[in-house]
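Proteins come first, then strands; the chains are lettered A, B, ... in the order of their sequence lines, and each starts at number 1. Computed from a prediction, not measured in an experiment: that's the story for all the values here.
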Amino acid sequence: SAVISQKPSRDICQRGTSLTIQCQVDSQVTMMFWYRQQPGQSLTLIATANQGSEATYESGFVIDKFPISRPNLTFSTLTVSNMSPEDSSIYLCSVAQGYNEQFFGPGTRLTVL
Amino acid sequence: DAKTTQPPSMDCAEGRAANLPCNHSTISGNEYVYWYRQIHSQGPQYIIHGLKNNETNEMASLIITEDRKSSTLILPHATLRDTAVYYCIVRTATSYNTDKLIFGTGTRLQVFP
């Protein structure tokens with residue numbers, strides 16, 4: 001199984017600022033995904049991070065708000081831009097290798113004041 | 001949108017079998033049924049998946065009906081540590097040939113002593 005780490009594990013940010021979340025995997029993986037989990041809610045897929053090309057965003061999510069980078073097969077970043085209190089959530093990185101089980105990181109708990 | 005329907009909550013006595021149902025009446029022939037669980041404040045954990053045959057691993061059993069329109073996850077001897085939200089997911093393949101997990105609302109399983 002893949003071991004996924006995320007940084008930071010939690011943060012408290014001011015409205016209008018941006019935060020970049022890092023996701024590091026201990027092995028090369030084909031697919032990397034970013035999810036959001038708002039308080040008391042299920043997980044919502046934000047985008048698929050594609051290595052060497054632009055991320056593929058789900059409906060309701062745009063690149064200007066959630067820019068994503070994936071410079072190689074073990075690393076990705078998600079930036080939450082121009083934050084508002086509605087962005088307070090847990091952000092989770094997830095990876096998959098082929099058509100197999102998908103693993104999730106521990107999440108980044110973001111609070112926006 | 002999620003393609004599954006699950007009861008919002010269930011209770012189970014410790015040591016008894018927990019049977020968690022899931023309806024996926026619109027499932028396509030090449031779509032798998034996946035089960036994940038999320039223990040409070042942690043990333044989702046993979047449990048099991050199947051296509052049309054029943055599956056068993058060290059964690060659970062998955063029973064899929066012959067018409068594939070519903071399934072049941074069975075935890076044979078539930079423990080207090082099995083208290084979690086359980087997600088039944090039909091894995092979707094997009095036009096980008098990117099398989100992704102779309103989470104529904106899940107079932108909150110409470111195991112009591």
**Q** For R108(B), does its backbone N or O pair with a side-chain atom of S9(B) as donor and acceptor, under 3.5 Å?
**A** no
**Q** Checking L45(A) against chain B: side chain, backbone, both or neither under 4.5 Å from a heavy atom?
**A** side chain
**Q** Can you tell which of Q41(A), R109(A), Q37(A) has the highest number of heavy-atom pairs within less than 4.5 Å of chain B?
**A** Q37(A)
**Q** Give the ring-plane orientation class for F104(A) versus Y35(A), where under 30° counts as parallel, over 60° as perpendicular and anything between as tilted.
**A** tilted
**Q** Would E31(B) and K3(B) count as a salt bridge (charged side-chain N to carboxylate O under 4.0 Å, His left out) here? Give the steps.
**A** CA-CA 11 Å; E31(B) 290 179 320; K3(B) 301 167 71 170; 2.6 Å; yes
**Q** Examine whether an atom of Q6(A) lies under 4.5 Å from a heavy atom of chain B, and if so say whether it belongs to the side chain, the backbone or both; otherwise answer neither.
**A** neither
**Q** Between Q38(B) and chain A, which part of the residue has a heavy atom less than 4.5 Å away: side chain, backbone, both or neither?
**A** side chain
**Q** Determine yes or no for a side-chain-to-main-chain donor-acceptor pair under 3.5 angstrom, with D11(A) supplying the side chain and L110(A) the backbone.
**A** no
